[in-house]
There are 2 protein chains.
Amino acid sequence: MTADQVVRALGALAQEHRLAVFRLLVQAGAEGVAAGQLAERLGIAPSSMSFHLAQLSHAGLVAQARHGRSIVYSANYGAMNGLMGYLTDNCCNGVPCTDDAMCADAACEERGAA
Amino acid sequence: MTADQVVRALGALAQEHRLAVFRLLVQAGAEGVAAGQLAERLGIAPSSMSFHLAQLSHAGLVAQARHGRSIVYSANYGAMNGLMGYLTDNCCNGVPCTDDAMCADAACEERGAA
DNA sequence: TCCATATTTCGATTATCATGGAAATATGGA
DNA sequence: TCCATATTTCCATGATAATCGAAATATGGA
């Protein structure tokens with residue numbers, strides 16, 4: 001994952017509505033949620049939701065599939081894990097990890113100083 | 001960590017120069033790096049660097065300490081770990097973690113479905 | 001006190017983001 | 001074919017972000 005991709009993924013999640021959308025999609029799992037339902041649940045206009053979904057899609061964080069008249073969105077766990085990996089390396093690289101940090105005790109030992 | 005704090009932290013990192021700054025600070029460790037050195041290393045104007053450092057500081061991701069005439073910035077690992085924890089919960093909550101995912105095999109078992 | 005260094009704040013400019021209504025596109029069913 | 005539903009694209013608007021030069025603030029030393 002390149003730094004440019006990381007910036008785009010972070011930017012995609014760095015917005016109240018988009019973070020909420022991603023959380024909903026993660027909770028929904030592989031089944032996904034239709035665009036209209038997302039707009040209704042968050043109380044924003046369909047066109048605004050479409051804009052946000054495009055950003056998430058452009059960042060590779062969500063996948064879309066047509067299902068009848070609806071377009072169903074689902075979370076892309078691979079992209080999220082890639083982002084987490086980059087941040088973990090960033091968080092722990094070259095410095096002793098703190099003891100009370102989840103990032104340290106679990107992830108760092110797993111991945112080493114890669 | 002509230003959703004609002006998470007959005008602010010993500011937004012702080014979702015910029016080429018600020019992500020680079022944070023990486024440099026993580027590499028530098030507790031010693032930190034002065035504002036002027038950061039600006040010189042990244043090749044941007046001091047005032048621009050000050051703007052970016054203010055964003056990182058406002059998000060709680062960096063700490064600052066005056067050291068003579070310089071102001072030395074250092075990474076706040078606690079805030080970063082808080083962000084990682086939120087994202088980990090977001091990434092794994094309620095769905096079966098994929099096998100090839102770092103986020104899954106290490107962090108999820110550690111934290112459970114909290 | 002006076003000056004040089006280090007950083008921030010201010011001001012102006014340009015670019016990008018977020019929003020929703022209106023129109024366009026696509027699908028399914030009568 | 002015709003219509004209702006679902007979503008996106010287009011358009012205009014207001015808000016926020018990123019940039020840098022210039023001026024202001026703070027520190028240390030002569």
Side-chain angles (χ1 to χ4, degrees), chain A residues 3-25 28 31-76, chain B residues 3-25 28 31-76:
Chain A
D4 188 64
Q5 287 175 305
V6 169
V7 168
R8 191 155 36 195
L10 289 169
L13 294 175
Q15 208 277 344
E16 178 191 351
H17 294 326
R18 289 197 293 268
L19 185 61
V21 163
F22 193 78
R23 285 184 63 185
L24 282 176
L25 292 182
E31 198 177 335
V33 182
Q37 286 187 357
L38 290 171
E40 193 176 4
R41 280 212 228 176
L42 294 186
I44 65 177
S47 58
S48 297
M49 179 54 71
S50 192
F51 167 77
H52 290 307
L53 287 171
Q55 304 251 325
L56 288 167
S57 183
H58 187 234
L61 287 168
V62 302
Q64 64 202 96
R66 184 171 276 280
H67 217 258
R69 266 178 282 208
S70 301
I71 296 185
V72 173
Y73 285 82
S74 55
N76 180 353
Chain B
D4 189 63
Q5 288 175 305
V6 169
V7 167
R8 192 157 34 195
L10 289 170
L13 294 175
Q15 208 276 345
E16 177 191 353
H17 295 324
R18 289 198 294 267
L19 186 60
V21 164
F22 192 78
R23 285 184 62 186
L24 282 176
L25 292 182
E31 197 177 337
V33 182
Q37 287 187 358
L38 289 170
E40 193 176 3
R41 280 213 227 174
L42 293 186
I44 66 177
S47 58
S48 297
M49 179 55 70
S50 192
F51 167 78
H52 289 307
L53 288 171
Q55 305 252 323
L56 287 168
S57 183
H58 188 234
L61 286 168
V62 302
Q64 64 202 95
R66 184 171 277 280
H67 217 259
R69 268 178 280 208
S70 301
I71 296 185
V72 173
Y73 284 82
S74 56
N76 180 353

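Note on naming: letters A, B, ... go to the chains in the order of the sequence lines (proteins, then strands), and numbering restarts at 1 for each one.
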If you only use heavy atoms from C-beta on, which nucleotide in C/dT7, C/dT19, C/dT27 is closest to the side chain of B/I71? C/dT7

What's the closest nucleotide to the B/F51 side chain, out of D/dA17, C/dT19, C/dG29? D/dA17

Think [X] has a side-chain N or O under 4.0 angstrom from the OP1 or OP2 of [N]?
{"X": "B/R66", "N": "C/dT7", "result": "no"}
{"X": "A/H67", "N": "D/dA6", "result": "no"}
{"X": "A/S47", "N": "C/dG20", "result": "no"}
{"X": "A/Y73", "N": "D/dA6", "result": "no"}
{"X": "A/R18", "N": "C/dA18", "result": "yes"}
{"X": "B/S50", "N": "C/dT8", "result": "yes"}

Dot-bracket, 5' to 3', for DNA chain C please: Watson-Crick or G-U pairs under 3.5 Å, [ ] where pairs cross earlier ones, | where the partner sits on another strand, dots elsewhere. ||||||||||||||||||||||||||||||

Base, sugar-phosphate, or nothing: which does B/S70 touch, judged by heavy atoms less than 4.0 Å apart? sugar-phosphate

What nucleic acid atoms does B/A34 come within less than 4.0 Å of, heavy atoms only: base, sugar-phosphate, or nothing? sugar-phosphate

Between B/R18 (side chain only) and B/G11 (backbone N and O only), is there a donor and an acceptor less than 3.5 Å apart? yes

Rounded interatomic separation in angstrom, taking CZ from A/R8 and P from C/dC17: 11 Å

